[in-house]
Participant: 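A single structure is presented below for examination.
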Amino acid sequence: TVPLALALLLALTAAAFAEPLRFLDCGSKDGSIQEVNVSPCPTQPCQLHKGTSYSINVTFSSKIESQGSQAKVYGEMLHVDIPFPIPEPDGCKSGIQCPIQKGHSYSYLNKLPVKSEYPSIKLIVKWVLVDDQDQMLFCWKIPVQITS
């Protein structure tokens, strides 16, 4: 059990030193982002390996009330947004307790699956969460590199 305890300690230590990502806020209107984490992504730009799923955790606070929220994810290439399907676009099923309350802080949790058939390219991931009025609770962008 010593190796197990050591492995657990190392995992906890690594998690404690996980750096929040540097991200670009791309128009969060009805909320403000405190932190964006993509795991695993030890360095930026994030190396996204084909056939792997990545954990997304966004901590934000809401400036408005909203019954629900919807996520929209894009791969941005040459300033063109290409819709990127995610398994669960409903923010209320992604860690957010709905209805969303003004002034409350939330942890949005989701997965970013990188399919094997995606090309090996550099691009910008743009992740948007909209409220009932289709206004942005948050919008962030990070550069990524899709690799084999």
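Residue indices begin at 1 and follow the sequence shown. Just so we're clear, the structure is a prediction, and the values are computed from it rather than from any experiment.
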Participant: Should I82 and L48 be regarded as members of a common hydrophobic cluster, given that ILVMFWY residues are connected when their side-chain heavy atoms come within less than 4.5 Å of each other, either directly or indirectly?
Facilitator: yes
Participant: Between atom CG of L123 and atom CZ of F84, what is the distance when rounded to the nearest 0.5 Å?
Facilitator: 7.5 Å
Participant: I need the S94 OG to I56 CD1 distance, nearest 0.5 Å.
Facilitator: 11.0 Å
Participant: Enumerate the residue pairs fulfilling disulfide bond (SG atoms under 2.5 Å apart) with a member in residues 85-125, sequence neighbours excluded, ordered by first and then second residue.
Facilitator: C92-C98
Participant: Looking only at heavy atoms, which two atoms of G91 and I96 are closest? And how far apart?
Facilitator: O-CB, 3.3 Å
Participant: Are M77 and V125 grouped together when hydrophobic residues (ILVMFWY) are joined by side-chain heavy atoms under 4.5 angstrom apart?
Facilitator: yes
Participant: Is the closest side-chain donor-acceptor distance between S61 and S105 under 3.5 Å?
Facilitator: no
Participant: Please tell me whether F60 and I64 are part of a single hydrophobic cluster in this structure, the criterion being side-chain heavy atoms less than 4.5 Å apart.
Facilitator: yes
Participant: Distance check, rounded to the nearest 0.5 Å: Q67 atom CD versus Q133 atom CD?
Facilitator: 10.5 Å
Participant: Given the rule that I, L, V, M, F, W and Y join up when any side-chain heavy atoms are under 4.5 Å apart, are L21 and Y106 in one cluster?
Facilitator: yes
Participant: Mind checking side-chain hydrogen bond (donor to acceptor under 3.5 Å, both in side chains) for Q70 and listing every partner two or more places apart, or none if nothing turns up?
Facilitator: none
Participant: Between V73 and I121, is there a shared hydrophobic cluster once you connect ILVMFWY residues whose side-chain heavy atoms come closer than 4.5 Å?
Facilitator: yes
Participant: Rounded to the nearest 0.5 Å, how far does CG of D30 lie from OG of S69?
Facilitator: 11.5 Å
Participant: Spell out, as yes or no, whether a donor-acceptor pair under 3.5 Å connects the side chain of N110 to the backbone of P89.
Facilitator: no
Participant: Would you indicate whether the side-chain heavy atoms of P40 and Y54 approach each other to under 4.5 Å?
Facilitator: yes
Participant: Mind checking the CZ-CD1 spacing from F23 to I33? Nearest 0.5 Å is all I need.
Facilitator: 4.5 Å
Participant: Residues in side-chain hydrogen bond (donor to acceptor under 3.5 Å, both in side chains) with S66, at least two apart?
Facilitator: D132
Participant: State whether D131 and K63 are salt-bridged, where the test is any N-O pair (Lys NZ or Arg NE/NH1/NH2 against Asp/Glu carboxylate O) under 4.0 Å.
Facilitator: no
Participant: List for me each residue that meets side-chain contact (heavy atoms from CB on, under 4.5 Å) alongside P83, sequence neighbours excluded, and say none if there are none.
Facilitator: Y74
Participant: Give every donor-acceptor pair under 3.5 Å between a side-chain atom in residues 135-148 and any protein atom, sequence neighbours left out.
Facilitator:
residue, atom, partner, partner atom, Å
K141, NZ, E76, OE1, 2.9
T147, OG1, H49, ND1, 3.0

Participant: By side-chain hydrogen bond (donor to acceptor under 3.5 Å, both in side chains), which residues pair with K50, not counting sequence neighbours?
Facilitator: S120
Participant: Could you go step by step and tell me if W127 and L129 meet the side chain to side chain contact (heavy atoms under 4.5 Å, CB included) rule?
Facilitator: CA-CA 7 Å; W127 202 296; L129 188 71; 5.6 Å; no
Participant: Just verifying a value: how many Å separate K111 NZ and E88 CD, rounded to the nearest 0.5 Å?
Facilitator: 13.5 Å
Participant: Determine, step by step, whether L109 and S55 satisfy the side chain to side chain contact (heavy atoms under 4.5 Å, CB included) criterion, reporting the C-alpha distance in whole Å, the side-chain angles of both residues, the deciding distance to 0.1 Å, and the verdict.
Facilitator: CA-CA 7 Å; L109 307 164; S55 297; over 6 Å; no
